[in-house]
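One structure is given below, encoded as structure tokens.
Please read all numbers here as calculations on a predicted model, not as lab measurements.
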Amino acid sequence: MKMLIIIFSTLAAACSGITFSTNLGPYAENRVKGTVVKEYSPAQIAKYDAVMLGFVEASYCQERIDQPKPNKRGLVKDLKVRTHSLGGNGVVVEACSKVASGMCNQYMECRGVAYSVPQRQSKP
């Protein structure tokens with residue numbers, strides 16, 4: 001039994017300095033940012049004393065047929081990440097549209113407004 005405790009203690013001490021490094025950092029960080037920021041409609045945001053932080057934009061160009069097509073869901077997620085980078089926790093998506101582009105098979109862009117939204121509504 002004493003031998004088992006010594007072996008376990010030695011292994012624990014030997015592994016204490018081990019660190020793990022992955023390439024999931026930016027991906028996981030953006031996933032968290034995207035879930036922290038909530039999407040509001042203009043009518044919903046009007047019920048809060050929200051502070052406008054600025055405009056946010058996201059776009060995607062499908063250059064080759066074998067690449068994924070642009071979609072609103074992915075671009076709104078990008079708007080949320082950009083809103084979080086401005087210190088916000090709410091975004092109002094103003095417009096998403098496909099636009100003609102000579103360099104892209106398909107091109108889509110979304111625009112919105114980033115807000116810092118209090119937790120409670122101030123207006124009914």
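Take Y48 and apply the ring pair (Phe, Tyr, Trp, His ring centres under 6.0 Å) test, not counting sequence neighbours, and it matches Y40.
In this structure, the side chains of N105 and I65 come closer than 4.5 Å at one or more pairs of heavy atoms. Side-chain contact between L75 and M108: present, with at least one pair of heavy atoms (C-beta onward) separated by less than 4.5 Å. V76 has its side chain within reach of E39: a pair of non-hydrogen atoms, C-beta onward, lies under 4.5 Å apart. A heavy-atom distance below 4.5 Å is found between the side chains of V113 and M52.
Shortest non-hydrogen contact noted between S59 and Y107 is CB-OH, 3.2 Å. Nearest heavy atom pair, residue V37 against residue K80, reads CG2-O, 3.4 Å. When every heavy atom of Q62 is checked against every heavy atom of P68, the shortest pair comes out as CG-O, 3.7 Å. Summarising the geometry of V56 relative to A114, their closest heavy-atom pair is CG1-CB, 4.1 Å, with the distance given to 0.1 Å. Heavy atoms only, all atoms of each residue included: L79 and A58 are closest at CD2-N, 3.7 Å.
Here salt bridge (Lys or Arg N to Asp or Glu O under 4.0 Å) pairs that include residues 81-102, with residues two or more places apart or in two chains, number zero. Residue pairs that meet the side-chain hydrogen bond (donor to acceptor under 3.5 Å, both in side chains) test with at least one member in residues 65-75, sequence neighbours left out, are R64-D66. Applying the salt bridge (Lys or Arg N to Asp or Glu O under 4.0 Å) test to pairs two or more places apart or on separate chains, those with a residue in residues 41-59 are D49-K123. Residue pairs meeting the salt bridge (Lys or Arg N to Asp or Glu O under 4.0 Å) criterion with at least one member in residues 112-121, sequence neighbours excluded, do not occur. The stretch residues 46-101 participates, sequence neighbours left out, in these disulfide bond (SG atoms under 2.5 Å apart) pairs: C61-C104, C96-C110. Under the salt bridge (Lys or Arg N to Asp or Glu O under 4.0 Å) criterion, the residue pairs touching residues 105-114 are E109-R111, with sequence neighbours excluded.
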Stepwise side chain to side chain contact (heavy atoms under 4.5 Å, CB included) test for Y115 and L53: CA-CA 5 Å; Y115 288 93; L53 301 175; 5.7 Å; no
